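Fair warning: this is a prediction, and the values are worked out from it, not measured in the lab. Letters A, B, ... are given to chains in the order of the sequence lines, protein chains preceding strands, and every chain is numbered from 1.
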Amino acid sequence: MWNEFYRCSTEMVLTKQGRRMFPYCRYWVSGMDPYQKYILAMDITPLDTHKYKWNGKWWEPGGKAEPHVLGRAFIHPESPSTGQYWMHQPVSFYKLKLTNNILDQEGHIILHSMHRYLPRLHVIPADKATETFTFPQTEFFAVTAYQNVQITQLKIDCNPFAKGFREGTMVGRPSKEGKPKSFAQVKDSPDSKKLEHDDPESTEKLKESLSLSEHSDADTENESFIAKQELKSLPNSQSTVLQNLLLKLNQLHR
DNA sequence: TCGGCTACCACATTTGAAAAGT
DNA sequence: AACTTTTCAAATGTGGTAGCCG
């Protein structure tokens with residue numbers, strides 16, 4: 001699903017009270033020590049130093065980026081848990097919320113509209129260095145209203161909460177002029193909805209596209225992306241903030 | 001003037017407590 | 001009495017849109 005969105009340049013809506021991501025990040029983790037305890041956390045980092053604008057067809061740089069708000073990370077609520085626990089099922093971050101409210105008190109991740117971002121997964125063992133992973137196809141443009149109608153249509157077609165806007169189900173709402181055909185119609189692909197919502201049956205499919213390690217060459221050829229591993233490559237300020245957060249969490253669980 | 005942002009809307013899904021069943 | 005299943009209303013998650021704002 002990420003790959004489909006990535007082709008159209010993914011957009012994520014920011015709201016004052018916080019908006020979930022769709023698609024959200026779900027990782028299949030392998031290679032952990034089954035008995036070691038780990039904390040899993042996500043944050044979102046700017047991809048460059050530009051502010052962007054949508055010219056009607058594509059995104060283009062249109063100014064200097066606002067300074068990124070540091071210190072916000074989403075710690076998976078099951079943290080800390082053993083490697084065995086994390087590895088026996090995909091790890092979902094569907095509760096993570098994005099906001100454009102600088103004064104946010106809810107702990108949501110603060111982003112700027114019309115900027116370009118990349119989510120990062122941090123795997124933090126109790127007594128070793130943090131490992132950070134990113135997936136190129138999960139990059140997105142933060143917006144307060146969708147710019148690209150193709151993205152809007154993809155969201156409507158794939159997100160169960162947006163079913164009310166699908167063709168035929170809309171009641172008493174004006175339809176947008178020149179609205180493109182639904183994604184399912186355009187693609188005419190029986191596989192296009194296999195990853196719909198949080199279906200546990202689709203975990204194997206996700207494992208294919210979002211595996212953290214041991215990728216085959218066939219995977220990479222087939223538009224899956226290998227996770228970029230950024231061992232200890234966090235900028236000092238960011239890694240310090242994250243470590244402080246995790247320290248607090250550790251103390252809470254003790 | 002205009003592009004971006006916000007509040008509010010209708011509809012769908014999720015949640016969880018109460019009711020009903022075993 | 002204890003536990004499981006069903007029901008259903010409230011809460012929450014969606015994109016659309018009108019109007020506000022800088």
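- Under the salt bridge (charged side-chain N to carboxylate O under 4.0 Å, His left out) criterion, D48(A) pairs with R116(A), not counting sequence neighbours.
- Between N159(A) atom CG and dT12(C) atom P the separation is 17 Å, expressed in whole Å.
- Atom NZ of K155(A) is separated from atom C1' of dG16(C) by 15 Å (rounded to the nearest Å).
- With rounding to whole Å, R20(A) atom CZ is found 12 Å from dG15(C) atom P.
- The nearest whole Å value for the distance from the NZ atom in K95(A) to the P atom in dT14(B) is 13 Å.
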Nucleotide by nucleotide, 5' to 3', does protein get under 4.0 Å of the base (B), only the sugar-phosphate (S), or neither (-) in nucleotides 3-8 of chain B, counting heavy atoms? -SBB--
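- Here the C1' atom of nucleotide dT14(C) and the CD atom of Q153(A) are 13 Å apart, to the nearest Å.
- Rounded to whole Å, atom P of dG16(C) lies 12 Å from atom CD1 of I151(A).
- Hydrophobic clustering places W2(A) together with L98(A) (ILVMFWY residues linked when any side-chain heavy atoms are closer than 4.5 Å, directly or through intermediates).
- Distance CZ (F161(A)) to P (dG16(C)): 17 Å, rounded to an integer number of Å.
- With hydrogens and angles ignored, a donor-acceptor pair under 3.5 angstrom links the side chain of R19(A) to the base of dG15(C).
- Atom-to-atom, CG of L98(A) to C1' of dG13(C) comes out at 14 Å; the value is rounded to the nearest Å.
- Set against dG16(C), dT13(B), dG13(C), the side chain of P160(A) has dT13(B) as its closest nucleotide.
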Tell me, with the steps shown, if E78(A) and Y85(A) meet side chain to side chain donor-acceptor pair (under 3.5 Å). CA-CA 9 Å; E78(A) 313 282 337; Y85(A) 177 83; 3.1 Å; yes
What verdict does the side chain to side chain donor-acceptor pair (under 3.5 Å) test give for H122(A) and T130(A), after you've listed the backbone C-alpha separation in whole Å, the side-chain angles of each residue and the deciding distance to 0.1 Å? CA-CA 7 Å; H122(A) 304 283; T130(A) 298; over 6 Å; no
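- To the nearest 0.5 angstrom, K16(A) atom NZ is 9.0 Å from N100(A) atom CG.
- As judged by a 4.0 angstrom heavy-atom cut-off over every strand, K97(A) is placed among residues touching the sugar-phosphate backbone only.
- Judged purely by distance below 3.5 Å, without hydrogens or angles, the side chains of Q36(A) and D127(A) pair a donor atom with an acceptor atom.
- Listed by chain and residue number, nothing satisfies the ring-ring contact (aromatic ring centres under 6.0 Å, His included) test with Y146(A) (two or more places apart in sequence, or in another chain).
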